[in-house]
J.: 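Once you've had a glance at the structure underneath, I'll fire off some questions.
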2 protein chains.
Amino acid sequence: MTDSRPSGTRRVTLSQVAERAGVSRSAVSFVMNGRTDQRLSADVFERVRRAAEELGYRPNQTAKTLRTGRSGTIALVSDFVSSTSYANAMVRGAMRALRERDILLFTVDTEGDPQVEERLLHSLFGRDIDGVIYTSMFTRIVDPPPLLASTRTVLLNCRARGGDDVAVVPDEVEAGREAARLLVAAGHTDGIWFVGDLPPGRRGGLLWNEWGPLALPERLEGIERELASSGLSLAGHAAVEDDWDAPNGQRAVERLLEDGARPSALICVNDAVAAGAYRALHAAEWRIPDDVSVIGFDGSPLAGMLEPSLTSISLPHEDLGRRAATLLLSDDATPRVERVRMPVHLGASVGSPTR
Amino acid sequence: MTDSRPSGTRRVTLSQVAERAGVSRSAVSFVMNGRTDQRLSADVFERVRRAAEELGYRPNQTAKTLRTGRSGTIALVSDFVSSTSYANAMVRGAMRALRERDILLFTVDTEGDPQVEERLLHSLFGRDIDGVIYTSMFTRIVDPPPLLASTRTVLLNCRARGGDDVAVVPDEVEAGREAARLLVAAGHTDGIWFVGDLPPGRRGGLLWNEWGPLALPERLEGIERELASSGLSLAGHAAVEDDWDAPNGQRAVERLLEDGARPSALICVNDAVAAGAYRALHAAEWRIPDDVSVIGFDGSPLAGMLEPSLTSISLPHEDLGRRAATLLLSDDATPRVERVRMPVHLGASVGSPTR
DNA sequence: CTGAAAGCGCTTACAG
DNA sequence: CTGAAAGCGCTTACAG
């Protein structure tokens with residue numbers, strides 16, 4: 001039959017290697033896959049190896065996949081991770097872990113649209129992917145699509161509502177404890193405020209607030225538990241409107257100071273809110289860390305750009321990605337939630353209280 | 001219909017659809033691929049469609065690929081683009097353009113290592129990718145690997161030294177003109193400085209300086225050409241050590257002011273250098289834009305976070321990615337360099353000169 | 001218009 | 001230890 005493919009120079013096939021080496025195709029297949037259990041003679045092994053090299057033979061992965069059902073390919077399926085900047089280091093972590101095993105990564109963003117997600121998953125399954133890393137830009141609870149049941153899956157930066165999956169998430173509770181610990185160690189006692197609650201009665205206005213983000217409740221839980229273990233508690237909470245960005249953080253702290261609060265330290269729900277806090281404190285002529293200490297979360301580039309640099313408990317995105325890929329490749333599919341430590345990025349924003 | 005097959009069962013094949021519809025496999029193939037040129041009866045067409053739906057048939061892309069040589073898959077091969085934050089919107093642009101055609105994206109970063117690049121390319125070719133978007137984090141000149149010659153390729157955010165490729169790059173020269181135009185329109189004449197040259201005799205210390213980045217020379221060329229067209233020229237250049245970051249920008253402007261320069265405007269090679277300029281100006285009690293205007297390049301999030309917000313000529317990463325994908329899918333492979341307009345992000349950092 | 005057949009490039013159970 | 005053969009799930013030229 002005529003070959004209608006748009007190929008100029010045909011690629012070398014296994015048959016050609018067999019012919020050149022003067023052995024069967026089986027033998028070539030065994031050699032190429034390093035199957036020593038077939039007890040091939042050293043001579044055959046060497047002849048095949050040489051013939052393959054001389055011809056520049058590269059196995060056709062598509063044919064292997066059709067035969068074996070394994071493609072050496074996995075997919076990273078997310079809402080926004082691979083196409084936006086925020087949590088992109090997760091992709092790097094996964095890619096690096098997979099590179100060593102010659103596994104390639106399909107990158108697929110659904111932008112939060114379930115229909116797009118379904119179409120993309122079917123498209124992926126049609127390509128015989130070996131597994132899926134299902135991930136989210138923000139750490140949150142998800143309902144993994146039922147379609148995923150037929151494929152090996154690891155949840156990254158999210159956990160299933162049901163809980164019977166393998167999931168990798170940052171250890172947000174421990175991060176909260178760490179933040180509190182830093183302040184307690186510096187001598188803070190009864191002037192520690194938390195900045196970043198949603199306003200009372202508010203479930204969230206922005207999209208991701210309705211997606212059940214875990215950062216806020218878990219960070220707060222860790223903070224309160226750690227303080228309690230030292231017999232302390234938060235002096236209070238400052239609510240932030242809608243999004244956790246700098247302008248909202250600024251307004252929250254402005255209100256706090258206007259209301260007459262005298263905080264010795266602010267634990268901000270993330271670095272952007274902390275940046276806003278810096279502005280409000282600066283305008284009110286409070287010095288950091290002399291008059292007030294500030295801690296953020298995320299470990300974003302922003303933290304290093306502030307004056308003074310912000311101490312922040314950072315999201316270990318690359319580690320998370322690497323861990324998820326490693327788990328996906330392992331044989332162990334026992335449902336569990338793995339929590340990855342969030343390291344402290346020490347800045348110059350924490351000092352001892354003066355009041 | 002929903003797929004009611006017990007999980008663990010084999011996927012439905014084309015043969016099963018043929019059997020259920022009572023037609024040949026050829027007919028099913030023709031219907032599934034919408035080949036109306038075969039003049040199938042409306043009845044056959046409908047029976048196949050129904051059988052496929054009832055069985056939940058999904059074509060096996062691997063088998064199609066083996067047969068046709070086309071995989072409906074392209075690869076985005078870069079140094080760092082898909083695994084870091086900086087130019088990530090290019091991935092978004094490409095993904096969005098491809099989504100409409102049900103084409104999936106392999107994402108592959110070489111981290112600048114030619115050996116890794118070669119291995120990854122072979123791995124991709126073994127999977128019968130239909131094309132490659134070859135891209136770089138920074139706009140620069142590249143020598144595309146010879147291996148790429150066998151595959152349809154579009155260069156994204158880079159151009160080949162040889163020049164016989166299809167390439168998509170930001171229009172940096174025009175961006176430089178735009179920056180100069182904004183200042184001239186505001187009334188600036190002989191106090192316009194450029195901040196961001198490499199020190200005299202320096203080819204670059206950091207890795208990417210040796211990779212031949214185009215941003216600096218092209219932006220500068222545009223600025224100078226535009227000024228010349230109004231009979232003006234730059235008052236001078238302030239060199240920046242090594243990397244174009246905020247601390248280096250700050251030092252450059254500090255030196256400039258110490259040397260007694262009285263700039264009416266600073267055109268900074270990027271936003272980070274501009275942020276450094278802000279600090280130096282602030283420390284010297286120059287007000288922006290009352291005493292001095294500042295313009296940056298990149299359109300980074302940083303620009304909006306500065307006080308006052310920075311006017312910046314922005315890199316249209318998403319547009320670039322979308323355009324590259326579209327070109328790759330088009331039939332036209334005529335070598336050319338497409339330049340994409342860099343839009344102005346207007347801030348509040350440009351005013352009329354007071355001196 | 002339809003159907004039987006070849007073939008894409010592999011892997012692997014099986015007979016020798 | 002080796003080789004012939006079946007088969008993964010498609011597409012398509014070809015004979016009817």
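Chain identifiers are assigned alphabetically (A, B, ...) following the order of the sequence lines, protein sequences preceding nucleic acid strands; residue numbering begins at 1 within each chain.
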J.: Can you tell me how far C1' of dT2(D) sits from CG of Asp43(A), to the nearest Å?
T.: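 In whole Å, dT2(D) C1' and Asp43(A) CG are 13 Å from each other.
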J.: From CZ of Phe45(B) over to P of dC1(C), roughly how many Å is that when rounded to an integer?
T.: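 Rounding to the nearest Å, CZ of Phe45(B) and P of dC1(C) are 13 Å apart.
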J.: So, are Glu117(A) and Arg119(A) salt-bridged, with charged N and O less than 4.0 Å apart?
T.: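 No.
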J.: Taking atom P of dC8(C) as reference, at what distance in whole Å does atom CD of Gln16(A) sit?
T.: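 That distance rounds to 11 Å.
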J.: Taking only nitrogen or oxygen atoms into account, show me every contact under 3.5 Å that the protein makes with nucleotides 12-16 of chain C, one pair per line with its distance.
T.:
residue: dT12(C); atom: OP2; partner: Arg35(A); partner atom: NH1; Å: 3.1
residue: dT12(C); atom: O4'; partner: Arg67(A); partner atom: NH2; Å: 3.3
residue: dT12(C); atom: O4; partner: Ser26(A); partner atom: OG; Å: 3.4

J.: Taking only residues two or more places apart in sequence or in another chain, which ones pass side-chain hydrogen bond (donor to acceptor under 3.5 Å, both in side chains) with Ser330(A)?
T.: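 Testing Ser330(A) for side-chain hydrogen bond (donor to acceptor under 3.5 Å, both in side chains), a comparison that skips the adjacent residues, returns none.
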J.: Heavy atoms from C-beta onward define the side chain here; which of dT2(C), dT11(D), dG9(C) lies closest to that of Lys64(B)?
T.: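 Of the options given, the side chain of Lys64(B) lies nearest dT11(D).
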J.: Determine whether the aromatic ring centres of residues Tyr86(B) and Phe80(B) are separated by less than 6.0 angstrom.
T.: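 Between Phe80(B) and Tyr86(B), the centre distance exceeds or equals 6.0 Å.
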J.: Are the side chain of Thr326(A) and the backbone of Arg322(A) linked by a donor-acceptor contact shorter than 3.5 Å?
T.: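 Yes.
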J.: Can you confirm whether the side chains of Ser71(B) and Arg127(B) place a donor and an acceptor under 3.5 Å from each other?
T.: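 No - no donor-acceptor pair under 3.5 Å links their side chains.
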J.: Under a 3.5 Å cutoff, is there a donor and acceptor pairing between the side chains of Asp128(B) and Thr62(A)?
T.: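 There is such a pair (donor and acceptor under 3.5 Å, judged by atom type) between the side chains of Asp128(B) and Thr62(A).
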J.: From the list dG9(D), dT11(C), dT11(D), which nucleotide is the closest neighbour of the side chain of Thr13(B)?
T.: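 Selected nucleotide (nearest to the side chain): dG9(D).
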J.: Does CZ belonging to Arg336(B) count more than 12 external heavy atoms closer than 6.0 Å?
T.: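 Counting neighbours around CZ of Arg336(B), more than 12 heavy atoms of other residues, nucleotides or ligands fall under 6.0 Å, so yes.
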J.: Just checking Glu19(A): does its CD atom have more than 12 heavy atoms from other residues, nucleotides or ligands closer to it than 6.0 angstrom?
T.: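 Counting other residues, nucleotides and ligands, CD of Glu19(A) stays at 12 neighbours or fewer.
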J.: Calculate the interatomic distance between Asn60(A) atom CG and dG7(C) atom P; express it in whole Å.
T.: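 These atoms are roughly 17 Å apart.
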J.: Can you measure Glu19(A) atom CD to dT2(D) atom P for me and round it to whole angstrom units?
T.: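 Whole-Å distance recorded here is 18 Å.
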J.: So which nucleotide from dC1(D), dG9(D), dT2(C) ends up closest to the side chain of Leu66(A)?
T.: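 So the side chain of Leu66(A) is nearest to dG9(D).
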J.: Let me know the distance between CZ of Arg70(A) and P of dC8(D), rounded to the nearest Å.
T.: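 Value for this atom pair: 19 Å.
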J.: One thing to verify: whether Asp319(A) and Arg323(A) come together as a salt bridge, which I'm taking to mean a side-chain N less than 4.0 angstrom from a carboxylate O.
T.: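 A salt bridge is absent here (no side-chain N lies under 4.0 Å from a carboxylate O).
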J.: When you measure from the side-chain N and O atoms of Ser24(A) to the phosphate of dG3(D), is any distance below 4.0 Å, counting only OP1 and OP2?
T.: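 For dG3(D), OP1/OP2 do have a side-chain N/O of Ser24(A) under 4.0 Å.
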J.: What's the CD-P distance between Gln61(A) and dC8(D), to the nearest Å?
T.: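 Interatomic distance, CD of Gln61(A) to P of dC8(D): 19 Å.
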J.: Taking Watson-Crick (N1-N3 plus N6-O4 or O6-N4) and G-U wobble (N1-O2, O6-N3), each under 3.5 Å, can you produce the dot-bracket string of DNA chain D? Use [ ] for crossing pairs and | for inter-strand ones.
T.: |||.||||||||.|||
